[in-house]
Amino acid sequence: MLSLYRPGHSVLHRLPAGPKMLVLAVAAIALAALPTAAGAAAVCAGAVLLAYVVPGVGLRELGRQVWGLRWIFAVTAIGQLLFLGPEPALANTARVTAAVLVAALVPLTTRVDDLLDALERGLGPLRRIGMDTERAALLLAVTITTIPVLARLAAEVREAQRARGVRPSLRAGLVPFTVLSLRHADQLGEALAARGVR
Amino acid sequence: MDATDLARVAVFAALIAVLGLPGSFPVFGGVPITAQTLGVMLAGAILGPWLGALSVTIVLVLVAVGLPLLAGGRGGFAVFLGPTAGYALGWILGAIVVGLIVHAGNRRPVWWRTAFAMVAGGVVAIYALGVPVQSLVTRLPLGDTAIASLVFLPGDLLKAAIATIVVTLLVRAYPRGFRRQWRAAPVEERVAA
Amino acid sequence: MILHCRDLGVRLDGRDVLRGVTLDLDARTIAVIGDNGSGKSTFARVLAGLVRRDTGDVRVLGLDPDTDAAEHRRRVALVLSNPDAQIVMPVVSEDVAFSLRPQRLPKVERAERVARTLERFGLTDLAERPAHDLSGGQKQLLALAGAFVREPGLVVADEPTAYLDARNARRVADHLLADDGHVLVLVTHDLALARRCGAAVLFTEGTVSAAGVASEVVDEYERALVC
Amino acid sequence: MILHCRDLGVRLDGRDVLRGVTLDLDARTIAVIGDNGSGKSTFARVLAGLVRRDTGDVRVLGLDPDTDAAEHRRRVALVLSNPDAQIVMPVVSEDVAFSLRPQRLPKVERAERVARTLERFGLTDLAERPAHDLSGGQKQLLALAGAFVREPGLVVADEPTAYLDARNARRVADHLLADDGHVLVLVTHDLALARRCGAAVLFTEGTVSAAGVASEVVDEYERALVC
Ligand SMILES: Nc1ncnc2c1ncn2[C@@H]1O[C@H](COP(=O)(O)OP(=O)(O)OP(=O)(O)O)[C@@H](O)[C@H]1O
Ligand SMILES: Nc1ncnc2c1ncn2[C@@H]1O[C@H](COP(=O)(O)OP(=O)(O)OP(=O)(O)O)[C@@H](O)[C@H]1O
Ligand SMILES: O=C(O)CCCC[C@@H]1SC[C@@H]2NC(=O)N[C@@H]21
Ligand SMILES: [Mg+2]
Ligand SMILES: [Mg+2]
């Protein structure tokens, strides 16, 4: 549920997480650094098409991604059109969108587990400068476990309000939701302590 | 940081994530105007500056790793190449500022101090990082970007108001949640209450 | 007829959670029992108007939760297990008053009804206390007060005693079962409590496997449990 | 002596939550009963080493939770009511393995012990599932697995069956009461379950008002409930 991963057999799916991240990050940053010129927009479009079609991720997925970015797209394009005019607007919007689309290939083709492992390896050297990487990994894992629990608590609060005949609202819902979350945290803290976390 | 702090940090990170889920709470929750900044403000106000900032950081790390925890189900380090990257990083600073102001001194916060914290941390601090980065990414001059970012302002002020109400109610309804002792309210406040 | 269902079906996330539920019950107190996941809470939510049926027909006090929504909402209240989720306002009396908001009563009458309800549930002395500082039992009594202050015709309660000790569970049950003009539908795992009701419904994997006199239905469930 | 307390006292937020608790019990299964707010959970937390006593003396399996903290922590496990709050890792088998982290076992032995424990609690088929996908009863079995995988000498369980239906409650209780080398301290509102224990302690407003053979203590509590 909590994942952007789309199962598949493309080259990118088979590449190990670390190198893949590196390559796509470099590509995305290179796109982001292109100059504001009409030609750059063409380069962006070509690069994105290449990045989705050649490894075998496909145009359908590209379409879904573009649709998912429509708001970001609007935020960028409208300001640009108003203040800078059509040509820079096209170039800059294409540049930003292309960088984001290429970078989006990482979570699309990599399982969350593999990404977390890659992260842990990446954080390894920080241990030497005194970072408690084990505790950091624990925090990430506990957060992932807790998200569906809190989502259920939010649903419970919504339901309780409707049951009391009032329309659920953010303002009225947030107080009970926060209290429930804090109580959950108390119990979770106890359970962690009882299982050896100090 | 004991086990309870660890749990509270994780739970608030999860709370920020849940505020970005569609349908978790009505009214807000779209892109790019998101209820998640409310979670950021609450994290700072309730957990305090440092644990609050840590829980925001956890959310951003999970996002960077590829979990779709931002409003609209967005995730991956792509987010940090987009125009809203600076705002997202600004959440960390925002939680710190909110926490510092709400937890300043050893008196329980009155509503106007909380309101000030929410505007200074939950709005100004976030924009202070968000606008320049947006300008950098989109290559729109800083002044123009600042004007464009005004579309967020009504929503953000409303969220600051909601966060103020929620924190003020929580101070009354569940003081234990702040996990600290406050000195009794000064005399004039008690008379007013 | 207090409760009438014909061929009621509910799908959630592509799963048939309730299938072919057909019932006609006229008791003042109706228990709903069955295993975890058998569909009891979903059934309670349909009666309370929180979940829509996908097929079939439901009538609660003669009202259809879908088409008579406004009147249904006014007359039906729901009580859940977790009191923390049900408390909305920071102070006890404010929380009870919160339930009366949609009714736009004159201030004096509103205050009077809140006071009367607090009295009835033994909460008068706690009226000005922070709501979340109460004990579990007191919080559940507050949740009941928030439901009963609207003077509902039907109260749906989903495991209202799950988190309570024997004494508090009995107090809450006594309030719910009291004969004061409301009908009760009570989802519970406490079979002794179910026996105190007039009628009972047994759910098994989304269908009704028995309905009728409470003691007989509970007996049947206990026999099933043993094997 | 399995459980020894002399004049134990605990203050929380300036309130005496436990006062003058004196006990000597040697049963393999010990029930802790009493009203909401009587101090049962606080007592359980003292035994589990999560709350420090302020006065008096405690010995659990002969160990002082304060001064023998490391050894005590190794030998005592805690099970709570809310399964959601006890599950720490996202995947079932990872969560069980998490309990073994402080012990730094070789990888193979660790995997073996996890597998054996999953088997024992009927969770083998669910080992790779996300924990939040499990039903309430399965989650509580997972919480038990997380406690038992450490092969504790004493298990403290605080209302472990509160959220479960009759069938799941019985499965969990059977695991807890099983005679396999651990001692059980069981806080419960389920008096039938308390009767199945060897000994019982009755708390009233922070003090012990009865202790001894379970059935006698439960009888006494029930008499007090009636009046
Ligand atoms: N929103 C939902 N989406 C999908 N499935 C659901 C949803 N709510 C409930 N279910 C499923 O429907 C079935 C019946 O759930 P329900 O909560 O009605 O059972 P119950 O009898 O109340 O169980 P319990 O005794 O554990 O409270 C379960 O299998 C549950 O997983
Ligand atoms: N952290 C705390 N700070 C202050 N008071 C507390 C704290 N924890 C518990 N108490 C109080 O101590 C008393 C005993 O609480 P405890 O949870 O031990 O009771 P209990 O017997 O387990 O009740 P229940 O049956 O409701 O679980 C209660 O009055 C409670 O309000
Ligand atoms: O979701 C993202 O992409 C990251 C955060 C962007 C949201 C910013 S925070 C300040 C402003 N107010 C909003 O409601 N949204 C933006
Ligand atoms: Mg249910
Ligand atoms: Mg307790």
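Everything numeric here is computed off the predicted structure, so don't read it as measured data. Letters go in sequence order (proteins before strands), and every chain restarts at 1.
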Do Leu180(A) and Asn82(C) have side chains that approach each other closer than 4.5 Å (heavy atoms only, starting at C-beta)?
yes

So if I take each residue of residues 81-103 of chain A and look for any heavy atom under 4.5 Å from a heavy atom in chain C, which residues do I end up with?
none

Surrounding CZ of Arg70(A) (heavy atoms of other residues, nucleotides or ligands, distance under 6.0 Å), is the total greater than 12?
yes

If I compare all heavy atoms of Pro176(A) with all of Ala85(C), which pair ends up nearest, and what's the gap?
CB-O, 4.3 Å

Does atom OH of Tyr5(A) have more than 12 heavy-atom neighbours, drawn from other residues, nucleotides or ligands, at distances under 6.0 Å?
yes

Answer with side chain, backbone, both or neither: which region of Asp158(C) has an atom nearer than 4.5 Å to a non-hydrogen atom of chain A?
neither

Which of residues 134-157 of chain C have a heavy atom under 4.5 Å from any heavy atom of chain A?
Lys139(C), Gly146(C), Arg150(C)

Does any backbone or side-chain atom of Leu50(C) lie under 4.5 Å from a heavy atom of chain A? Answer side chain, backbone, both or neither.
both

Could you give the distance from CD (Glu156(A)) to CG (Asp84(C)), rounded to the nearest 0.5 Å?
9.5 Å

Taking atom CZ of Arg19(C) as the centre, does the number of heavy atoms from other residues, nucleotides or ligands within less than 6.0 Å exceed 12?
yes

CG (Asp125(C)) with more than 12 external heavy atoms under 6.0 Å
no

Choice from Gln161(A), Glu159(A), Arg162(A) maximising heavy atom contacts with chain C below 4.5 Å
Glu159(A)

Do other residues, nucleotides or ligands put more than 12 heavy atoms under 6.0 Å from the CZ atom of Arg171(C)?
no

Return yes when atom CD of Glu205(C) has more than 12 non-hydrogen atoms of other residues, nucleotides or ligands closer than 6.0 Å, and no otherwise.
no

Applying side chain to side chain donor-acceptor pair (under 3.5 Å) as the test, list every pair that has at least one member in residues 64-75 of chain C; sequence neighbours left out.
Arg53(C)-Asp64(C)

Set of residues satisfying side-chain hydrogen bond (donor to acceptor under 3.5 Å, both in side chains) with respect to Asp54(C), sequence neighbours excluded:
none

